[in-house]
Asks: 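Could you have a look at this structure, given as structure tokens, before my questions?
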Amino acid sequence: MDLSIALPFPSITTKPFPSHLLLSRPLFPSSSPGRSLLSTRNPSSSRHNHRTPRQRLRRRVSAAVDDDDGGFVLEDVPHLSDFLPNLPLYPNPLEKSQAYAIVKQTFVGQEDAVAQQVVVHKGSPRGVHFRRAGPREKVYFKPDEVRACVVTCGGLCPGINTVIREIVCGLNYMYGVDDILGIVGGYRGFYSKNTVKLTPKVVNDIHKRGGTTLLTSRGGHDTVKIVDSIQDRGINQVYIIGGDGTQKGAALIHEEVEKRGMKVAVAGIPKTIDNDIAVIDKSFGFDTAVEEAQRAINAAHVEVECVENGVGVVKLMGRYSGFIAMHATLASRDVDCCLIPESPFYLEGQGGLFQFIESRMKENGHVVIVIAEGAGQEFVAQSIHDVNQKDASGNRLLLDVGLWLSHKIKDHFTQVREMDVNMKYIDPTYMIRAIPSNASDNIYCTLLAQSAVHGAMAGYTGFTVGPVNGKHAYIPIARVTETQNTVRLTDRMWARLLSSTNQPSFLNSCDDILLQQERVDRDMVDMIHKMKITST
Ligand SMILES: Nc1ncnc2c1ncn2[C@@H]1O[C@H](COP(=O)(O)OP(=O)(O)OP(=O)(O)O)[C@@H](O)[C@H]1O
Ligand SMILES: O=P(O)(O)OC[C@H]1O[C@](O)(CO)[C@@H](O)[C@@H]1O
Ligand SMILES: [Mg+2]
């Protein structure tokens, strides 16, 4: 069977999965209880050390392809026993937990995997799977041996405090761990600040607050200094909450830990309000953000429907992807036009934004526009002759497209069309990001935190946790950082938005849309490549 053609590899949309990596070979018997039949490697650490996370990921893929198993592929995560053979195993304390006593299947089987594709064609290979998250029968740490730490990096997002709280409570209540440190102020806090002790009591109320009680920062990732600090402090479980940049940093920490042969489990919990993390269903805080964005859109709508020729512009977050804008627009029904970074727009002439605004104003007396902060950056840059500035992590600093657009609309209608417009510009971006998470995000954060704790206790390392088709899984970090999620112009969701607002797509033909989609994919690859070079 030619797996190179048939295997789906959906999140890498710009390149097919290299066929030479898809070897057909049987699965070997289990080499460690952490692995069982699904995967079989136990490479010597010296061989292992020379490989990048991506190379290792590929190796795991090739090792796990089995022709007899209908093209089942396991993209496995590293395990401490890969580079530290003969580690002792202990029964999982949950065995004796009252809470779990009634649960039929307390422990996740070693054969359990989560499929990346759930919509399949009859006869197609089973495709890519990830290890299912959850408690294992045996653990690799005795509770009193664990010294865990938690760090939060990158921008804020609703729910970070809930994740911190549930890591601490999960470790303590489920596994009896009571030595947990908070690293203050992001990655640089490992080597430049004192730690704080985290107990269930200390974190009891923090989920009710926005932000992160551990503080955060951008930049300052110094792998050697961070791992020195982990070593000096005797930390053996590292929980890292952050976005794509943070997860790249986590992969480097895991590599360095492995190189030094330290028994340290590194667990990543993906965070980003932009929902741009690949593979996982959605990131925590996203639902809260969409809900809060409704308030801003509603305010804009109320303002503009109460005046003549009202034009409301609401700017929402979304550096490279317009998920918040798209979902907030779909949820609201008060939005006339949604502009996102993935889909270019133009202002003047036939089919342009000005013409659309004018027709909606004539029809309804008012217009509401939602714009994601990353949209139209090239226009703003042109108009103010910007020199592409970067933040401390190497992310491009965005210009205020909302303000720019508001001025452009106002100038056009007053000067060119000689019409008075009542412009109301609302920028709720930081207000949205700084609130605590809503009920459903709180539950989601709890699952993420508990899955991370179960994974680290079971000896998995260098993994990111997250839901794939509704089931929590351990995903190799490289898999979530090699690309970013963007709104796909060729998917149904964007079509739903266009038909719900009945706005112009600004792209005139199917060919234009396909070309634009290719451009977005190419730009994403370039951007990720550049970020690798520029980050510290
Ligand atoms: N390529 C990289 N390698 C190592 N560390 C990185 C890399 N990119 C970013 N980091 C580190 O990760 C931390 C957070 O990165 P960044 O500011 O880009 O936020 P993020 O994690 O992507 O979250 P978000 O973009 O959602 O706010 C920073 O301390 C930064 O130094
Ligand atoms: O102003 P800050 O804190 O650097 O963060 C802004 C960026 O962070 C994000 O919220 C991602 O965390 C982006 O949407 C936004 O562009
Ligand atoms: Mg980021």
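One-based numbering, in listed order, for ligands and for the atoms of each. FYI, the numbering just counts along the sequence from 1. Quick note: numbers below take in every heavy atom, side chains included, and nothing from hydrogens, waters or symmetry partners.
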Asks: Tell me if the aromatic rings of Phe506 and Phe356 count as close, with their centers under 6.0 Å from one another.
Replies: no
Asks: Does ligand 1 come near enough to Gly154 that some N or O of the ligand is less than 3.5 Å from an N or O of the residue?
Replies: no
Asks: Do any heavy atoms of Gln247 fall under 4.0 Å from ligand 1?
Replies: no
Asks: Which label fits Tyr460 and Tyr474: parallel for a plane angle under 30°, tilted from 30 to 60°, or perpendicular past 60°?
Replies: tilted
Asks: At less than 4.0 angstrom from any non-hydrogen atom of Leu252, what atoms of ligand 1 do you find?
Replies: 3 (N), 4 (C)
Asks: May I ask you to check if ligand 2 and Thr272 share an N or O to N or O distance below 3.5 Å?
Replies: no
Asks: Would you mind listing which atoms of ligand 2 come within a distance below 4.0 Å of any non-hydrogen atom of Ile273?
Replies: 10 (O)
Asks: Any idea which atoms of ligand 2 are less than 4.0 Å away from a heavy-atom of Tyr430?
Replies: 1 (O), 2 (P)
Asks: Of all the atoms in ligand 2, which lie at a distance below 4.0 Å from a heavy atom belonging to Met317?
Replies: 10 (O), 14 (O)
Asks: Go through ligand 1 atom by atom and flag the ones less than 4.0 Å from a non-hydrogen atom of Lys271.
Replies: 23 (O), 24 (P), 26 (O), 27 (O)
Asks: Could you list which atoms of ligand 1 come closer than 4.0 Å to a heavy atom of Arg319?
Replies: 25 (O)
Asks: Name the closest protein heavy atom to atom 11 (C) of ligand 2, giving the residue it belongs to and the distance to 0.1 Å.
Replies: Asp274 OD2, 3.8 Å
Asks: Does a donor on one side chain and an acceptor on the other come within less than 3.5 Å for Ser321 and Thr486?
Replies: no
Asks: I'd like to check whether Lys248 has a polar contact with ligand 1, where a contact means an N/O of the residue lying under 3.5 Å from an N/O of the ligand.
Replies: no
Asks: Applying a 4.0 Å heavy-atom criterion (strictly less than), which segment of Asp274 is in contact with ligand 1: side chain, backbone, both, or neither?
Replies: neither
Asks: Can you tell me if an N/O/S atom from Asp274 lies under 2.8 Å from the Mg ion (ligand 3)?
Replies: no
Asks: Mind checking whether His327 and Phe286 have ring centres under 6.0 Å apart?
Replies: yes
Asks: Could you tell me whether the side chains of Ser229 and Arg233 share a donor-acceptor contact shorter than 3.5 Å?
Replies: yes
Asks: Which is closest to atom 28 (C) of ligand 1 by heavy-atom distance: Gly219, Gly285, Pro270?
Replies: Gly219
Asks: How about Tyr425 and Lys315: do any of their side-chain heavy atoms sit closer than 4.5 Å?
Replies: yes
Asks: Could you tell me whether some N/O pair between Asp391 and ligand 2 is separated by less than 3.5 angstrom?
Replies: no
Asks: If you measure only the distance, is there a donor-acceptor pair under 3.5 Å linking the side chains of Gln484 and Asp244?
Replies: yes
Asks: Would you check the N or O atoms of Tyr187, main chain and side chain alike, for any that come under 3.5 Å of an N or O of ligand 1?
Replies: no
Asks: Answer yes if the side chains of Arg479 and Gln116 hold a donor-acceptor pair under 3.5 Å, and no otherwise.
Replies: yes
Asks: Can you tell which of Asp287, Asp276, Asp274 makes a salt bridge (charged side-chain N to carboxylate O under 4.0 Å, His left out) with Lys282?
Replies: Asp287
Asks: Looking only at protein heavy atoms, which one is nearest to atom 2 (P) of ligand 2, and what is the separation?
Replies: Arg218 NH2, 3.6 Å
Asks: Quick one: are the ring centres of His254 and Phe463 less than 6.0 Å apart?
Replies: no
Asks: For ligand 1, is there an N or O atom under 3.5 Å from any N or O atom of Ile273?
Replies: no
Asks: Enumerate the atoms of ligand 2 whose separation from the nearest heavy atom of Glu373 is less than 4.0 angstrom.
Replies: 13 (C), 14 (O), 15 (C), 16 (O)
Asks: If we only consider heavy atoms of Gly243, is any one of them less than 4.0 Å away from an atom in ligand 2?
Replies: no
Asks: Give the atoms of ligand 2, by number and element, whose distance to some non-hydrogen atom of Gly318 is under 4.0 Å.
Replies: 14 (O)
Asks: Which atoms of ligand 1 are found less than 4.0 Å from any heavy atom of Gly243?
Replies: 20 (P), 21 (O), 22 (O), 23 (O)
Asks: Establish, for the pair Lys263 and Phe83, whether the NZ or CZ atom is under 6.0 angstrom from the six-membered ring centre and no further than 45 degrees off its axis.
Replies: no
Asks: Between Asn395 and ligand 1, which part of the residue brings a heavy atom under 4.0 Å of the ligand: side chain, backbone, both or neither?
Replies: side chain
Asks: Can you list the ligand 1 atoms lying under 4.0 Å from a non-hydrogen atom of Thr272?
Replies: 26 (O)
Asks: Looking only at protein heavy atoms, which one is nearest to atom 3 (O) of ligand 2, and what is the separation?
Replies: Arg433 NH2, 2.9 Å
Asks: Could you list which atoms of ligand 1 come closer than 4.0 Å to a heavy atom of Gly249?
Replies: 4 (C), 5 (N)
